Amino acid sequence: MELEQSMSRAQPRVNLWMRNRLKRNIVLYLFLAPGALYYILFHYAPMYGTLIAFQDYNPFQGMMNSPWVGFKHFQAFYDSIYFGRLIRNTFLIGAYSIVFGFTIPIIFALLLHEVKHTRFRTVIQSISYLPHFISTVVVAGLIVTFTSPSTGFINGLLSMFGAGKIDFLREPGWFRTVYISSGVWQTLGWSSIIYFAALTGISPSLYEAADMDGASRWQKIWHISLPGIKPTIITILLLDLGRVMDVGFEKVFLLYNSSTYETADVLSTYVYRSGLVQQQYSFASAVGLFNSVLTFLMIIIFNKLARRLSGYSLW
Amino acid sequence: MSKRSVSALALSALLTASSVVAGCSSDSPASGNPGNPSAEAGTGSSTGTSSTDKPLTVNGWADFIPAAGSSGVTSYNDQIVWKEIAKRTNVTVKWETTAAPGSEDYKAQLGLIMASGKLPDLIGHIDPVLADQYGRQGALQPLEDLIKSNAPNLQKLLDSNPAVKGQITAPDGHIYFFPRLLLDPRTQTFAGFMLRGDWLEKVGMKAPDTTDELYQVLKAFKEKDPNGNGKADEIPFTDNPNPIIWAFGVGSRGPNSTDDFFIEDGKIKYGPTDPRYKDALQYLNKLYSEGLLDPEYEGMKADVRDSRVMQEVSGFMYGSYAGYLTKYNKMLKGANKNPGFVAMVPPKGPTGERNIIGKHNEIDPGRGTAITSTTKNAAQITKLMDYFYSKEGALLLYFGIEGDTYTMKDGVPTYTDKVANDPKLDVLSYLNTYVGYVSGWPSSMMPEHYLATLSDEGRQGNALSVPNAGKKKVPALHFTPEELGEVQSLQRDINTYVDENMNAFIRGKKPFSDYDAFQQGLKKIGSDRLTQLYSQAYERYSNVLKAK
């Protein structure tokens with residue numbers, strides 16, 4: 001009884017407190033609103049649409065009338081003879097993309113940070129951004145042209161040095177290398193921007209102090225630069241890990257063919273091909289949901305790990 | 001699948017779902033009302049020049065497909081055909097069109113329209129699968145009776161071509177769309193084999209008549225330097241080799257996903273499990289291992305193919321007369337090279353037959369027009385559609401206005417200079433821009449029109465292919481929803497498996513000692529069941545034909 005009374009008395013006070021706070025930070029909340037609205041409208045509200053993964057969804061009948069089929073589409077996906085291969089390919093392409101696409105920009109940023117000639121540094125930096133602005137379709141076109149065994153310049157170079165010709169896009173063993181190295185080339189400059197920003201934020205006094213103590217360049221990188229950008233690194237890594245199973249459809253689709261299915265066929269391309277006859281909404285959603293669940297688990301695990309190992313984490 | 005596309009899919013699902021609920025109720029009451037009494041009044045005048053006495057305006061919906069290089073025309077309302085047809089039949093169609101063409105956009109927008117419950121009277125460019133589905137739900141008018149009483153021209157065509165009826169009849173026995181017909185064999189044939197005729201002369205051989213002779217010719221092309229640059233750089237066979245598999249008498253999937261199936265002895269058969277398929281792969285493997293087949297054939301992009309032709313290393317390929325033969329000779333000529341590609345008779349395979357499966361069916365699948373069940377003017381619209389199947393109607397659609405876009409020369413309609421020699425647009429683009437979307441409406445395609453859009457070599461090729469094309473082609477089959485679901489889920493793995501193995505055998509990545517394992521694998525993932533499902537649909541088709 002007493003407890004209840006005190007609760008009811010406390011209620012208005014909390015509301016008042018909240019209202020005050022709201023009033024004080026109204027501008028900040030307004031800043032937040034469009035972003036929040038965007039996520040609610042376009043990311044949270046449509047989520048119930050994933051229910052069609054458990055239906056035999058027919059767009060003409062709509063979600064209310066399409067028959068419920070439980071885990072049929074998940075089972076069908078699991079029963080596919082390509083289930084294991086698809087998961088493996090998707091994961092490996094994603095994982096290698098992170099291993100190289102994540103570490104190389106850091107190294108690049110650290111190296112360029114050491115360049116004292118400002119003009120030179122800006123020029124290099126600008127050049128390294130450029131590939132980011134080329135569309136995937138064009139990049140894929142460049143890769144096809146460059147790696148062609150008959151007319152491509154890469155095979156021209158190889159044969160100049162007496163090496164045999166390699167049909168990069170029709171040998172399953174080369175697909176990941178081509179995919180990931182071109183990806184690194186394309187994103188290197190752009191992804192390193194954030195590290196540059198973080199490096200500039202490190203107080204110069206730390207470097208000066210290190211100089212006084214006679215630290216070598218290597219020691220300065222190891223003991224000042226790297227720890228200085230550690231929070232950035234962890235955050236980016238965690239965000240990247242969230243995308244490990246999210247291998248872009250476009251580039252794989254433009255580069256693969258049936259000779260390289262063995263290493264190149266990923267979830268999204270498989271779903272695409274299966275929809276050739278007609279859109280298989282439910283199956284596509286089932287595969288998508290499966291993928292999202294996998295990704296979600298991965299983020300949670302890595303976030304926990306990161307918190308335990310470094311003290312930094314996303315939440 | 002990326003998260004964004006999942007959420008986009010989900011969003012569209014949401015939109016469709018919420019509005020379908022609203023739409024369902026408005027479909028049902030109208031579905032039992034095929035035309036109001038005033039429609040019956042016009043039935044007497046069967047001349048086809050006038051569908052109704054009073055002017056009538058109906059609403060149509062379709063996607064608008066602008067011709068390449070055209071400008072200024074943004075809707076079918078602006079085109080000669082629909083203006084003229086309003087004068088001749090007293091029925092004006094007011095077209096609403098989608099902004100962007102593309103099958104996914106089309107499906108999504110049509111879904112929204114259906115769900116909104118505010119249906120137009122006419123729906124253009126619908127494919128048989130969609131028509132079946134909406135028809136089953138009662139959103140589209142069943143047309144059999146309407147055709148019988150209001151469409152004498154179409155009825156005549158149906159009576160004389162039972163195959164058409166089989167291909168437009170849904171599994172529930174109704175007809176839900178007016179088809180665009182390709183009845184003349186010349187209009188069904190669009191592609192064939194072609195080779196460099198000037199190279200043949202140089203190597204002193206005659207055009208190959210069998211696959212064995214083809215092998216000899218390709219070998220000579222490779223070894224005797226027909227392009228005369230002093231290097232043996234010729235890669236004689238460019239592009240996808242699937243059509244050569246057809247020459248062995250079986251089906252194989254080219255650009256069209258159903259061509260793995262073929263008709264033989266009145267039955268539907270599956271190519272990849274046929275013993276002849278192995279012979280074909282062995283033949284192609286021989287070509288590949290001797291460097292006669294382009295090592296980059298798989299997933300060849302158009303620019304690579306173009307460069308092979310322009311560097312004069314390509315001597316033989318299969319493709320459409322308009323997109324390959326005509327275009328490549330034009331390109332070669334433009335570069336001051338010898339425009340030497342000529343069409344050739346499809347080669348005889350080891351079984352002695354000439355077989356090209358690539359051919360259009362009697363119906364043009366994406367080009368049906370349906371009448372919605374909510375319309376009050378079903379009979380007039382049927383008459384309007386029937387006008388296109390008449391001689392005058394076909395002339396209007398495919399040639400335009402006499403004296404303006406065509407003249408009659410010895411009884412054959414011929415395009416005027418304005419159309420044939422437009423500085424910017426070729427014949428087809430000109431027609432599609434100013435006259436009407438030629439290939440978009442119910443009608444029976446006029447061969448005179450099709451031939452006028454081809455070059456001389458193209459016409460030659462067309463004549464060579466006509467006797468041999470499409471004898472084994474599977475007609476447009478209609479699956480029930482249950483069958484369709486099963487077909488799709490089976491084809492997911494099967495098509496991937498076949499593609500992968502076919503190319504592995506051709507490219508020598510797998511020895512032919514593994515062929516039995518390939519066949520067993522195929523059986524294990526359900527190739528027999530897939531064939532059975534196709535057989536069921538084919539049986540239904542045959543029954544419609546028999547039923548008369």
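Since the structure is predicted, the reported quantities are computational estimates derived from the model, not experimental observations. Chain letters run A, B, ... following the sequence lines, proteins first and then strands; every chain starts at 1.
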>> Within a 6.0 Å radius of atom CD on Glu483(B), are there more than 12 heavy atoms belonging to other residues, nucleotides or ligands?
In response: yes

> Is atom CZ of Phe102(A) surrounded by more than 12 heavy atoms (other residues, nucleotides or ligands) closer than 6.0 Å?
Replying inline: yes

>> Less than 4.5 Å to any heavy atom of chain B: does that hold for the side chain of Thr260(A), its backbone, both, or neither?
In response: neither

>> Could you go through Gln311(B) and Thr151(A), starting from their C-alpha distance and side-chain angles, then the distance that decides it, and tell me whether this counts as side chain to side chain contact (heavy atoms under 4.5 Å, CB included)?
In response: CA-CA 11 Å; Gln311(B) 290 165 2; Thr151(A) 53; 4.1 Å; yes

> Would you say Phe74(A) has more than 12 foreign heavy atoms packed within less than 6.0 Å of its CZ?
Replying inline: yes

>> Any donor-acceptor pair under 3.5 Å linking the side-chain atoms of Asp493(B) with those of Tyr270(A)?
In response: yes

>> For Glu171(A), which atoms come within 4.5 Å of any heavy atom of chain B: side chain, backbone, both, or neither?
In response: side chain

> For chain B, which residues from residues 78-85 of chain A lie under 4.5 Å away (heavy-atom distances)?
Replying inline: Ser80(A), Ile81(A), Tyr82(A), Arg85(A)

>> Under a 3.5 Å threshold, yes or no: a donor from one side chain and an acceptor from the other, between Glu500(B) and Ser258(A)?
In response: no

>> With a 4.5 angstrom heavy-atom cut-off, is it the side chain or the backbone of Lys301(B) that approaches chain A, or both, or neither?
In response: side chain

>> Looking at every non-hydrogen atom in both residues, tell me the closest pair between Pro295(B) and Arg170(A) and how far apart they are.
In response: O-CD, 3.7 Å

>> Tell me if the CZ atom of Phe249(A) is crowded by more than 12 foreign heavy atoms within 6.0 Å.
In response: yes

> Given a strict heavy-atom distance threshold of 4.5 Å, which part of Ser150(A) is in contact with chain B: side chain, backbone, both, or neither?
Replying inline: both

> Tell me, do Ser259(A) and Lys509(B) make a side-chain contact under 4.5 Å, heavy atoms counted?
Replying inline: no

> Do Arg492(B) and Phe283(A) come within less than 4.5 Å of each other through their side chains, counting heavy atoms only?
Replying inline: yes

> CG of Asp499(B) to CG of Asn257(A): how many Å apart, nearest 0.5 Å?
Replying inline: 10.0 Å

